[in-house]
Amino acid sequence: MKIHPIKTLSAAALIATLAAGCSSNTGGTSQTPSERIKADQIGYNAKSVKIAIVPDGASDDFQIVDIQDNVVYKGKTSAAAKWWASGTSVKQADFSDFDQPGVYTIRCDGAEKSYPFAIGDNIYTDLAIAATKSFYFARSGVEITQEHGGKYARPAAHPDTQVKVHKSAAGPKRKEGDIISSPGGWYDAGDYNKYIVNSSITVWEMLNAVELHPDFAKSLNLNIPESGNNIPDIVDELLFNLRWMITMQDPADGGVYHKLTALGFNGMIMPQDDHDERYVIKKSTAAALDLAATCAKAYRVLKPYDAELPGLRDSLMKVADKAWDWAQKNPTVLYDRNPEGVMTGQYDDIHVRDEFSWAAIELTIATGNSKRYMTKIAKDDFEFATPAWDSTSVMGVMSALNKPEYKDLFDAEMYDFMKGGLIKLADQYLNDYQRSPYATPLAAFPWGSNSVAANQGIVLAAAYRITGNTKYLEAAQADLHYILGRNPLDYCYVTGFGVKTVKDVHDRRSVADGIEAPVPGYLCGGPNATARGDIADSLYKYNTPAMRYCDINSSYTTNEIAINWNAALIGLVFDVN
Ligand code: 9MR
């Protein structure tokens, strides 16, 4: 993969210059879904399929215009069709055969011109850097320095060296109220708590990106305290959380606490102003298996850094094995709801067979010992669904398919079953993409729908690697285009990126720091068709599934940030850059 940072930067600078012109050009109607042409506000890889979405009612003739206002390309839109998810009728402007690097807008009589976008190579590199750097800003227990955090510098908070064992977590050795130390790790989201289940998918997705794209990983300089230490910055960053995660295992029995949190959510205050008492809360089968899977993956992916990280991989393997054993003995310790008096995020999951399949695959690949782990797994344990904190099988499947040599570790029938399941899932997304008037595979809008788009893209990219079918890659890119502005609200859903960018995210730091711009590089949750009750219904200007979103910090159902959502964005950007 070639990197052209200079080209990327100049395109970004040009887009910023054009942005001013664009916002004054909207005539106050930029929120009206039927008027603006929607394009990816970062842009398109030169050789990729390039589509913009034109409102129905506008002319069938569209033009690509450069920054000197020269028309460089003319084309005709498709026929109009209505997208069920937005309730709007749109046409597609396909300019795939235009591949001249530069910065452009799309015009069409009867519609507002698109926000500017770039065409070029590796145009998402700056996004990859910011999305990964966002984890540094979320570190708990350490100061965010001026040198590394700039205007987002803040003092250390939440040392977590004196954490209480909650009643629900008490055992024969560690009693209720005992004090343990569990420092480090990232804040989960807009809140300051730390959750094993969500940390696991997050760290796994970052490890997976490093595994698949090691050279790109090495090329990213995040300007974090560890930069320059012979380990890629993204690996240093994920280690900050992984090291915390292993402190969540009870050394006495190998069980893993579900989370380390206060008893309830606090107000929109800075980390250093939060002094609520924190607890480790209830061990769970899901937490044990998720930790096992993540440590086993890390054991493999961190191999090149053995000299820099002496002993770490051995420790990770021991943690993984102990957690696996605990889960074998405790297969149904479900975190179905918070214990009484605990009101922080639940990450409740009553189906954990998919976690068993994930952990078994990762442990098999890490140890080469299929007998010990896979014999415990049946086809019924798999859930072929978009990867999520509560749906984890496909992560294992992707690990198994990452390298052809892993094939021999699995029973032939099981291997074909896994491969077939992944391709079938990707085919479903591809079919949704090809039928979507909005040219997006996204067909569901739950809490964190933007991360569903990103995770679909990761699965599609895996299908592309396995089959070589470029249609899968095209659909994966479409998922990213959706996130970056080719959506019915024409928001670029990543803080600090795009012209119409999200500004008022549900993030305690971004709200309380007195700085207007939110901490950059965060993917917000996005439209949420199901959850209710955060802000007055009337504040949601639109009610269709793909448009029930509000850029207000109190809209925690649509505008929160979260580490798992960002990790999915990283995975997708690494795959398609
Ligand atoms: O991402 C989680 C989403 O899938 C759930 O539907 C939602 C409600 O339980 O919770 C989300 O996770 C939140 C967590 O519980 C607490 N930290 C903020 C997370 C993002 O909103």
Side-chain angles (χ1 to χ4, degrees), residues 134-135 138 140 158 185-202 204-205 241 257-268 271 274 276 278-279 281-282 284 286-287 290 334-339 342-351 354-355 383 385-392 442 444-456 493 495 502 504-511 518-519 522-535 545 548-569:
S134 76
F135 287 88
S140 74
H158 303 101
W186 306 306
Y187 299 129
D188 182 56
D191 61 310
Y192 297 138
N193 300 296
K194 309 192 289 196
Y195 307 83
I196 283 295
V197 165
N198 207 39
S199 271
S200 298
I201 178 171
T202 305
W204 185 94
E205 292 206 318
N241 204 57
Y257 305 111
H258 198 71
K259 59 183 183 176
L260 187 167
T261 77
L263 294 181
F265 290 121
N266 49 17
M268 303 305 270
D274 173 18
D276 285 352
R278 285 153 78 90
Y279 298 80
I281 298 179
K282 194 179 157 171
S284 71
D290 287 2
L334 303 178
Y335 201 96
D336 54 347
R337 79 190 92 137
N338 275 328
V342 177
M343 276 141 332
T344 46
Q346 281 196 155
Y347 289 113
D348 50 302
D349 192 358
I350 54 168
H351 302 290
D354 54 305
E355 278 78 9
E383 193 175 276
T386 311
W389 59 264
D390 59 350
S391 182
T392 57
L442 193 59
F445 297 84
W447 196 308
S449 62
N450 283 338
S451 75
V452 176
N455 278 309
Q456 287 182 337
Y493 285 119
T495 56
V502 291
D504 193 15
V505 284
H506 180 88
D507 168 34
R508 281 165 176 70
R509 291 164 290 145
S510 295
V511 171
V519 182
Y522 285 114
L523 176 66
C524 72
N528 186 335
T530 47
R532 295 281 183 274
D534 49 4
I535 55 174
R548 195 180 157 84
Y549 166 80
C550 190
D551 187 15
I552 283 186
N553 71 70
S554 40
S555 174
Y556 57 82
T557 65
T558 75
N559 214 25
E560 188 159 2
I561 59 159
I563 53 172
N564 58 321
W565 304 342
N566 251 70
L569 176 65

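When a ligand or atom number is given, it counts from 1 through the structure's own listing order.
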Could you list the atoms of ligand 1 found under 4.0 angstrom from a heavy atom of Asp188? 16 (C), 17 (N), 18 (C), 19 (C)

Measure the distance from atom 4 (O) of ligand 1 to every protein heavy atom, then report the residue, atom name and distance (to 0.1 Å) of the closest one. Trp389 NE1, 3.0 Å

In the protein, which heavy atom is nearest to atom 11 (C) of ligand 1, and how far is it? Trp447 NE1, 4.0 Å

Asp290 backbone acceptor or donor facing Glu355 side chain under 3.5 Å: no

Could you list the residues that satisfy side chain to side chain contact (heavy atoms under 4.5 Å, CB included) with Ser284, not counting sequence neighbours? His258, Ala286, Ala287, Tyr335

What is the closest protein heavy atom to atom 13 (C) of ligand 1, and at what distance does it sit? Tyr347 OH, 3.7 Å

Enumerate the atoms of ligand 1 whose separation from the nearest heavy atom of Ala189 is less than 4.0 angstrom. 17 (N), 18 (C)

Could you see which bit of Trp565 sits under 4.0 Å from ligand 1, with heavy atoms only: side chain, backbone, both or neither? side chain

Crowded around Arg337 CZ? As in, over 12 foreign heavy atoms under 6.0 Å? no

Please check this pair: side chain of Ser391 against backbone of Pro387, looking for a donor-acceptor N/O pair closer than 3.5 Å. no

Can you name the ring-ring contact (aromatic ring centres under 6.0 Å, His included) partners of His506, sequence neighbours left out? Tyr556

Has Lys282 got a side-chain atom pairing as donor or acceptor with Leu334's backbone, closer than 3.5 angstrom? yes

Could you check if a side-chain atom of Tyr257 sits within less than 4.5 angstrom of a side-chain atom of Lys194, using non-hydrogen atoms only? no

May I ask you to decide if Arg532's main-chain N or O and Thr557's side chain share a donor-acceptor pair within less than 3.5 Å? no

Please confirm whether Asp191 comes within less than 3.5 Å of ligand 1 when only nitrogen or oxygen atoms on both sides are compared. yes

Flag Asp348 as yes when one of its N or O atoms lies below 3.5 Å from any N or O atom of ligand 1, and as no otherwise. no

Quick one: nearest non-hydrogen protein atom to atom 18 (C) of ligand 1, plus distance? Glu560 OE2, 3.2 Å

Heavy-atom distances under 4.0 Å decide this one: backbone, side chain, both or neither, for Tyr195 against ligand 1? side chain

Among all the protein's non-hydrogen atoms, which is closest to atom 15 (O) of ligand 1, and how far away is it? Gly345 CA, 3.1 Å

